[in-house]
Every structure is written in C-alpha cells, then in structure tokens.
Amino acid sequence: MKYAAVKRAYDVISPAYDFLFDRIFHAGRVAAVSHMRITPGQRVLEIGIGTGLNLPLYPRHCHLVGIDLSRQMLRKAQERVEHLSLANVTLLMMDATRLTFADDAFDHVLATYVISAVPDPVQVLREARRVCRPGGTIVMLNHFKSENPVLGAFEELVAPLTTKLGLFKPDLALTPLLEHAGLIPDQVQRVNALNGWRLVRCINRE
Ligand SMILES: C[S@@+](CC[C@H](N)C(=O)[O-])C[C@H]1O[C@@H](n2cnc3c(N)ncnc32)[C@H](O)[C@@H]1O
C-alpha cells in the first residue's frame with residue numbers, strides 16, 4: 001500500500017464514506033470508545049479519525065486530538081466538530097507513522113478501522129506506544145485475517161486489489177502484528193456483523 005494511493009482513495013470516497021460505513025460499523029465504534037474508560041481531563045489521540053464518526057461517542061470532558069492523512073476526510077470531521085459544537089477537539093493533518101507529539105503525551109490512543117488501511121501498521125502501533133503514557137490504553141478495532149482457511153484464502157485473493165486501490169489490506173494477521181509492535185493485548189472481543197471485526201485493547205507497558 002502506498003501513501004499517495006491511500007490519500008487519494010480516502011480523498012475520493014470522503015463524500016460517500018458516512019453513507020457506506022456509519023451504521024454497519026456503529027456497534028464496534030461504541031464498544032471501542034467505551035473500552036478506553038476515559039476519565040475527566042484525560043488526553044486522547046484518535047489515529048486516522050476520518051470523517052469523525054466516533055466524535056459523538058466521546059465524553060466532552062476529555063481533550064481529543066484527531067489526526068488523518070486525508071485532507072478531505074478531515075474536512076468532513078471538521079464539519080462534524082462544528083455541527084456538534086465540540087470545543088474539546090483538535091484536528092490535524094498528520095501521518096500516523098511520524099507523529100509530531102512528545103513521548104507519553106496521551107492517556108489513550110484509538111484507531112478504528114485504520115490499522116489495515118495504513119501502509120505501515122507496525123510503525124503506526126510503535127508510534128502509538130511512544131505517545132501513549134505507561135499504563136495508558138491503546139485500542140484498535142479492525143478486521144484481521146480470518147482463522148477460517150477458506151475465508152483466509154479469499155482475503156488473500158482480494159488483498160492485491162484492495163491494497164492497490166489504497167483502501168485496506170484484508171489479510172492483515174493480528175498476532176504477528178502485535179508481536180512486531182511489542183504489544184500484549186489484555187482484551188480481544190469480536191464485534192459487528194458476523195463477529196467479523198476484532199476489538200483489541202492493550203495496556204501500554206513501556
Ligand atoms: C477506513 S478509514 C477509518 C476512519 C475512521 N477511523 C472511522 O472509524 O470511520 C481509514 C482512515 O485512515 C486514514 N489513514 C490511512 N493511512 C494513514 C496514515 N498513515 N496516517 C494517518 N491517517 C491515515 C485514512 O485517510 C482514512 O481516513
């Protein structure tokens with residue numbers, strides 16, 4: 001997956017994104033935000049915030065920073081911030097593999113439906129660990145490669161196309177990803193239709 005392709009893909013689909021991905025993925029979003037157990041005044045980073053579909057789910061008492069690579073997705077997120085009158089949200093155009101935040105800058109880091117949509121998922125998680133304080137939570141919600149051999153083979157079959165288009169990599173395997181990123185999950189839950197997505201919560205130990 002190439003950066004230019006990802007940027008272009010999400011710039012192009014931004015007008016239709018909410019129509020396509022709001023309702024079907026909503027249950028997972030609610031579970032993901034609640035898994036962070038955000039307390040008043042805490043600092044939260046959302047990686048690849050997209051059009052901001054998670055924004056209404058956050059408590060207003062937290063300080064939220066949302067970053068994304070796509071200007072057009074962020075434009076939609078900004079419209080949502082204004083529509084909801086959210087004074088606690090900052091949106092920035094930034095590459096998740098090269099975050100400009102200081103070490104330990106956040107109490108929680110969230111990535112929903114992002115980790116298979118980035119060119120370098122291991123580096124994104126390493127950056128998430130760096131900017132999350134020790135004891136903070138890193139939560140990701142994603143479709144990972146199926147353990148069912150037939151489904152897994154199908155995912156491998158379509159992966160070259162979806163990857164070339166810059167959309168997502170359906171055959172990203174969870175266990176090696178976590179190992180390479182140095183993360184140990186304290187909770188993995190299946191969510192959304194057919195339990196096809198996994199919600200993974202890790203406590204940052206560094
Ligand atoms: C499938 S969308 C998910 C959007 C949102 N998180 C949601 O739950 O609807 C993936 C998002 O990740 C963003 N993205 C992909 N690679 C990125 C990177 N390296 N840095 C920041 N954002 C990235 C895309 O621009 C896109 O907005």
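Everything numeric in this text was worked out from a predicted model, so none of it was measured.
- Using a 4.5 Å cut-off between side-chain heavy atoms of Ile, Leu, Val, Met, Phe, Trp and Tyr, with links allowed through other members, Met140 and Ile203 fall into different hydrophobic clusters.
- Looking only at distances, no side-chain donor or acceptor of Arg130 sits under 3.5 Å from a matching main-chain atom of Leu125.
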Step by step, work out the side-chain contact (heavy atoms from CB on, under 4.5 Å) result for Leu172 and Ile115. CA-CA 9 Å; Leu172 182 68; Ile115 214 69; 4.1 Å; yes
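- A side-chain N or O of Asn54 and one of Arg29 form a donor-acceptor pair less than 3.5 Å apart.
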Verdict with supporting geometry, Tyr113 and Asn192, side-chain hydrogen bond (donor to acceptor under 3.5 Å, both in side chains): CA-CA 12 Å; Tyr113 312 114; Asn192 290 340; 2.9 Å; yes
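- Atom CD in Glu156 sits 11.5 Å away from atom CG in Leu151 (nearest 0.5 Å).
- In this structure the side chain of Glu155 reaches within 4.5 angstrom of the side chain of Ser146, judged on heavy atoms.
- With contacts defined as side-chain heavy-atom distances shorter than 4.5 Å, the pair Val65/Phe101 qualifies.
- The pair Lys145-Asp171 does not meet the salt-bridge criterion, since no charged nitrogen lies less than 4.0 angstrom from a carboxylate oxygen.
- Considering only heavy atoms from C-beta on, Val200 stays 4.5 Å or farther from Val139 through its side chain.
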Give the C-alpha distance, both sets of side-chain angles, the deciding distance and a yes or no for side-chain contact (heavy atoms from CB on, under 4.5 Å) between Leu110 and Val33. CA-CA 8 Å; Leu110 177 68; Val33 174; 4.1 Å; yes
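- Side-chain contact check for Ser70 and Asp68: no donor-acceptor pair (N or O, by modelled atom type) lies under 3.5 Å.
- Ion pair Arg71/Asp11 not flagged as a salt bridge, since none of the NZ, NE, NH1 or NH2 atoms sits closer than 4.0 Å to an Asp/Glu carboxylate oxygen.
- Under the 3.5 Å distance criterion, the side-chain polar atoms of Arg80 are left unmatched by any main-chain donor or acceptor of Leu55.
- Taking every heavy atom of both residues into account, Thr97 and Asp120 meet most closely at CG2-O, 3.9 Å.
- Not a single donor-acceptor pair under 3.5 Å links the side chain of Asn204 to the backbone N or O of Gly136.
- Evaluation of the side chain to side chain contact (heavy atoms under 4.5 Å, CB included) rule for Glu147 yields Arg190, Arg198 as partners, not counting sequence neighbours.
- Shown here for Val6 and Ala117, the closest heavy-atom pair between the two residues is CG1-O, 3.7 Å.
- Two residues are said to be in side-chain contact when any heavy atoms from C-beta on lie closer than 4.5 Å; Leu92 and Met94 meet this criterion.
- Hydrophobic cluster membership differs between Val114 and Ile49, with clusters built from Ile, Leu, Val, Met, Phe, Trp and Tyr side chains linked at under 4.5 angstrom.
- Here the closest non-hydrogen pair linking Leu177 and Pro121 is CD1-CB, 3.7 Å.
- Using a 4.5 Å cut-off between side-chain heavy atoms of Ile, Leu, Val, Met, Phe, Trp and Tyr, with links allowed through other members, Val188 and Leu183 fall into the same hydrophobic cluster.
- Ala77 and Gly52 get closest at one heavy-atom pair: CB-N, 3.9 Å.
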What's the verdict on side-chain hydrogen bond (donor to acceptor under 3.5 Å, both in side chains) for Gln78 and Arg75, showing C-alpha distance, side-chain angles and the deciding distance? CA-CA 5 Å; Gln78 184 58 40; Arg75 207 169 55 79; over 6 Å; no
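- Looking at His108, its side chain does come within 3.5 Å of a backbone N or O of Met36 through a donor-acceptor pair.
- Across all non-hydrogen atoms, the minimal contact from Ser116 to Asn142 is OG-ND2, 2.9 Å.
- You'll find the side chain of Ile67 stays beyond 4.5 Å of the side chain of Met93, heavy atoms only.
- Contact annotation: the side chain of Leu84 approaches that of Pro56 to within less than 4.5 Å [non-hydrogen atoms, C-beta and beyond].
- Under the 4.5 Å side-chain heavy-atom criterion for ILVMFWY residues, a single connected hydrophobic cluster contains both Val118 and Leu45.
- Using a distance-only test at 3.5 Å, with no hydrogens or angles considered, a donor-acceptor pair links the side chain of Arg201 to the main chain of His35.
- For the pair Val44 and Asp107, the minimum side-chain heavy-atom distance is 4.5 Å or more.
- For the residue pair Thr51 and Asp18, a side-chain donor N or O sits within less than 3.5 Å of a side-chain acceptor on the partner.
- Here Leu99 contributes atom CG and Glu127 contributes atom CD; the two are 4.5 Å apart, rounded to the nearest 0.5 Å.
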Determine, step by step, whether Phe144 and Trp197 satisfy the ring pair (Phe, Tyr, Trp, His ring centres under 6.0 Å) criterion, reporting the C-alpha distance in whole Å, the side-chain angles of both residues, the deciding distance to 0.1 Å, and the verdict. CA-CA 7 Å; Phe144 292 99; Trp197 282 258; over 10 Å; no
Check the pair Arg129 / Ile138 against side-chain contact (heavy atoms from CB on, under 4.5 Å), numbers first and verdict last. CA-CA 8 Å; Arg129 286 186 64 196; Ile138 298 171; 3.8 Å; yes
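- His26 is not listed as a side-chain neighbour of Leu53, based on a closest heavy-atom distance of 4.5 Å or more.
- The same ILVMFWY cluster, assembled from side-chain heavy atoms under 4.5 Å apart, contains both Val89 and Ile38.
- Aromatic ring pairs are classed by plane angle as parallel below 30°, tilted from 30° to 60° and perpendicular above 60°; the pair Tyr17 and Phe21 is tilted.
- The 12-atom threshold is not exceeded at CZ of Phe154, counting heavy atoms of other residues, nucleotides or ligands nearer than 6.0 Å.
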Can you list the steps and then say if Cys62 with Asn88 is a side-chain contact (heavy atoms from CB on, under 4.5 Å)? CA-CA 7 Å; Cys62 72; Asn88 60 327; 4.1 Å; yes
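- Partners of Ala9 according to the side chain to side chain contact (heavy atoms under 4.5 Å, CB included) rule, which considers only residues two or more places apart in sequence or in another chain, are Leu167.
- Distance CD1/Ile13 to CG/Leu20: 7.0 Å, rounded to 0.5 Å.
- Shown here is His180, whose NE2 atom has no more than 12 heavy atoms of other residues, nucleotides or ligands within 6.0 Å.
- In plain terms, the two heavy atoms of Val109 and Cys132 that are nearest each other are CG2-CB, 3.9 Å.
- Checked by atom type and distance alone, the side chain of Gln42 pairs as donor or acceptor with a backbone atom of Thr39 at under 3.5 Å.
- Here CG of Asp186 is found 7.0 Å from SG of Cys202. Values are rounded to the nearest 0.5 Å.
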